[in-house]
Number of protein chains: 2
Amino acid sequence: MKYKAATIKDIAQALHLSTSTVSRALRDSHEISAATKQLVLDHAAKLNYHPNPIALSLKEKKSGSIGVIVSEIANSFFSQTINGIESVANEKGYTVIISQSHESFEKEVRTLHYLASRSIDGLLISVSSATKDLTQLKALHQYGFPIVFFDRIVEDIATHKVMVDNFQGAYNATMHLLAEGYQRIACITNSAHLSITRERVAGYVAALEKHGISSHPSLIKYCFHGGMLLDEVTAAVNQLMKAKPRPDAIFTTSDKLTTGCMRALKKAGVAIPGEIALTGFSNSELIELLHAPITVVRQPAFEMGRVATELLLQLIESKRPVKDFDTRILQTELITAPEVPAKKKGRK
Amino acid sequence: MKYKAATIKDIAQALHLSTSTVSRALRDSHEISAATKQLVLDHAAKLNYHPNPIALSLKEKKSGSIGVIVSEIANSFFSQTINGIESVANEKGYTVIISQSHESFEKEVRTLHYLASRSIDGLLISVSSATKDLTQLKALHQYGFPIVFFDRIVEDIATHKVMVDNFQGAYNATMHLLAEGYQRIACITNSAHLSITRERVAGYVAALEKHGISSHPSLIKYCFHGGMLLDEVTAAVNQLMKAKPRPDAIFTTSDKLTTGCMRALKKAGVAIPGEIALTGFSNSELIELLHAPITVVRQPAFEMGRVATELLLQLIESKRPVKDFDTRILQTELITAPEVPAKKKGRK
DNA sequence: TTTATTTACGCAATCGTTCCCGGAAAAATC
DNA sequence: GATTTTTCCGGGAACGATTGCGTAAATAAA
């Protein structure tokens with residue numbers, strides 16, 4: 001199916017003009033007479049002419065598109081972030097190309113190569129939970145390629161970064177559980193490679209210590225695949241349920257882990273919050289409809305997307321190499337569950 | 001921040017060769033000596049050379065990317081569909097450019113123009129609930145531009161289409177409610193413009209008639225914005241709750257409507273399924289975690305994405321104009337709620 | 001040795017657009 | 001009427017890569 005778009009040359013031939021004249025007429029140059037301009041414009045409209053963006057890109061040495069790599073689109077947090085990214089990008093006339101790593105390092109690297117060779121002008125990335133080797137990213141970065149990290153940061157690479165105050169978010173959530181009287185709080189978290197994992201676990205530990213409770217390594221479960229594999233989460237939950245003094249609460253550090261944990265508990269027949277309380281990071285809009293009303297840490301995902309994109313475009317459009325980089329920290333919000341069963345109150 | 005990629009010319013100059021020789025060496029042409037090939041390959045690796053896809057696109061007159069327009073990414077059904085689209089596209093070496101209409105006709109038209117002028121090779125689209133004017137789409141189609149419709153079809157335009165058996169899905173869901181003894185079943189559905197609305201409502205009506213129940217227009221509520229506006233759904237629910245003989249069940253025809261309806265019922269303090277039963281289309285993975293276990297119609301979203309993309313690529317890569325078009329109908333699945341409260345059984 | 005055939009490479013056009021020059025005709029100035 | 005200045009437009013290179021064609025040298029066949 002061949003579909004041939006009209007070119008400047010078509011207009012030129014039809015009107016017995018040169019391509020330069022047509023080009024200038026279309027760009028409303030001052031050195032073209034009003035009569036000729038009108039002629040060209042009319043004919044262009046008749047042919048439904050649109051400048052070929054690919055030819056433009058080739059000349060301008062920029063594609064007008066930015067790449068985004070996230071682990072999963074089917075994740076409230078990321079889809080909200082993408083909405084933020086899209087809103088800024090479209091405002092500025094950029095196209096957004098979204099790719100998913102599905103938490104696989106190999107897929108991430110493939111995607112990275114693919115996007116980079118696809119002539120995108122810059123990259124927004126939240127690394128996969130499996131990412132430990134940074135050579136590819138570093139190479140791209142040292143090459144002068146504009147990259148902005150969001151959510152899951154890579155500390156080693158000097159560029160703009162946007163994230164939430166993970167420590168504080170986790171701290172608040174844990175403090176909330178402690179305030180409700182829970183004492184033995186477990187934590188199910190992501191791959192230990194991730195910046196967000198370290199920070200969120202640190203916040204959790206700090207909250208416990210604030211209450212004079214020392215954190216138990218056996219109560220912190222790392223899920224390498226970040227909740228992508230339900231089995232992994234289920235295993236973590238089951239191990240926790242078998243601990244000698246059973247934990248009375250679980251704090252989860254991501255969307256998939258929160259819902260995965262809930263799924264595992266439901267399957268195991270453990271009542272929330274009757275037998276165990278649950279609190280975690282989540283941007284799902286369905287939280288309030290869940291069978292167990294839980295308190296969640298919500299991230300300003302849309303805002304994060306906006307900020308990251310603004311920084312990236314700034315990087316792309318900067319005339320000279322940018323040397324000092326921003327790290328923007330946004331605040332999370334603790335959305336407390338509408339009603340906490342009375343029996344739980346004043347448990348301490 | 002200028003980032004200059006190595007070109008074929010750089011290699012040619014460094015090695016005192018012509019660009020043609022370098023190009024042929026890289027493409028492993030038989031008319032280049034093994035020695036020269038090795039030289040070129042080595043130098044290309046050293047410079048981290050990658051062919052400029054934009055230059056290629058200009059020559060080949062194809063961009064190697066396809067556009068996708070959906071109403072919302074943050075919707076389980078669409079994000080699953082996109083995963084299917086991505087899987088096929090990537091297999092075949094195509095890039096996917098995703099855009100959202102947010103159920104706005106204006107945004108859809110803007111996006112359409114934008115994508116079309118962005119040199120995509122083809123388009124996959126599920127039209128917005130607000131789309132009534134088809135001139136833009138028709139123009140593009142008559143122009144010979146490859147388009148495949150999925151989910152929300154446009155009947156007037158002759159091209160490949162992929163959808164589920166909406167009639168049957170709705171019929172099954174309604175029959176399920178009837179089998180459980182519900183008699184007065186309302187329906188909350190999408191904009192009346194949409195193909196899926198007509199078909200699903202027809203399935204609902206047919207099931208009622210099968211049981212000798214005539215459908216009441218007052219029990220069918222059309223939400224123009226397709227659940228994007230919670231207020232609209234809430235209003236519909238509230239009206240239904242005030243009907244003289246109150247309906248004892250609601251059938252919803254889309255993801256957003258199902259959860260929106262549940263939200264409205266919860267706010268109104270109406271118990272599900274105690275006071276009213278709910279069944280509807282939904283691809284959300286959180287359904288089983290909701291406070292009210294409901295039966296849902298699930299669509300093979302991933303599969304739909306795959307099939308639609310295969311058809312589109314077939315259209316794009318076809319040598320001559322395609323004249324006869326496929327309409328693929330996939331089957332839905334009724335996922336019945338795990339346990340239905342006994343009191344509801346044998347209500348009739 | 002002469003002719004025919006490979007082998008191995010360079011030249012130049014092409015894709016669609018922009019933009020630097022250069023220049024003819026018209027208009028303005030002296 | 002002669003010169004200068006505008007006005008308006010065309011020629012051609014450039015962006016990065018591919019490819020048909022031409023051709024020198026090297027090799028094979030006569």
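A note on names: the letters A, B, ... follow the listed sequences, proteins ahead of strands, and every chain is numbered from 1. None of the values given here were measured: they were computed from a predicted structure.
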Assess the residue pair Glu310(B) and Arg306(B) against the criterion (salt bridge (charged side-chain N to carboxylate O under 4.0 Å, His left out)); give the C-alpha distance rounded to whole Å, side-chain angles, the decisive distance to 0.1 Å, and a yes or no.
CA-CA 6 Å; Glu310(B) 278 162 4; Arg306(B) 285 195 63 94; 3.8 Å; yes

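Between Phe78(B) and Phe150(B), the ring-plane angle classifies as perpendicular under the 30° and 60° cut-offs.
Think of the region where chain A sits on DNA chain D: with heavy atoms and a 4.0 Å cut, that region ends 5' and 3' at dC8(D) to dG16(D).
The stretch residues 47-59 of chain B touches DNA chain C through Leu58(B), Lys59(B), each having a heavy atom under 4.0 angstrom from the strand. The stretch residues 29-44 of chain B touches DNA chain C through Glu31(B), Ile32(B), Ser33(B), Thr36(B), each having a heavy atom within less than 4.0 Å of the strand.
Nucleic acid contact class of Thr7(A) (heavy atoms, under 4.0 Å, all strands): sugar-phosphate only.
Put simply, the side chain of Asp42(B) never gets that close to the backbone of Leu39(B): no donor and acceptor are under 3.5 Å apart. Between the side chain of Thr309(A) and the backbone N or O of Gly305(A), at least one donor-acceptor pair lies under 3.5 Å. When atom types are taken as modelled, the side chain of Ser318(B) and the backbone of Leu315(B) share no donor-acceptor pair closer than 3.5 angstrom. A donor-acceptor pair under 3.5 Å links the side-chain atoms of Glu103(B) to the main chain of Ser129(B), judged by distance alone. Without hydrogens or angle criteria, Ser29(B) side chain to Ala25(B) main chain gives no donor-acceptor distance under 3.5 Å.
Look at Glu303(A) and Arg328(A) and you find no salt bridge, because none of the NZ, NE, NH1 or NH2 atoms lies under 4.0 Å from a carboxylate O. For Glu72(B) and Lys107(B), the salt-bridge test fails: no basic side-chain N is under 4.0 Å from an acidic carboxylate O.
Taking the nucleotide of DNA chain C with the nearest heavy atom to each of Arg24(B) and Ser20(A), the more 5' of the two is matched to Arg24(B).
For Leu17(B), taking side-chain heavy atoms from C-beta onward, the closest of the listed nucleotides dC15(C), dC19(C), dC9(C) is dC9(C).
At least one side-chain nitrogen or oxygen of Lys61(B) sits closer than 4.0 Å to the OP1 or OP2 atom of dG16(C).
Atom NZ of Lys132(B) sits in a crowded spot, with more than 12 heavy atoms from other residues, nucleotides or ligands closer than 6.0 Å.
In this structure, CD of Glu60(B) is placed 12 Å from P of dG16(C), rounded to the nearest angstrom. The CD1 atom of Ile8(A) sits 14 Å away from the P atom of dC15(C) (whole-angstrom rounding).
Counting only N and O atoms by type, the side chains of His193(A) and Ser191(A) include a donor and acceptor under 3.5 Å apart.
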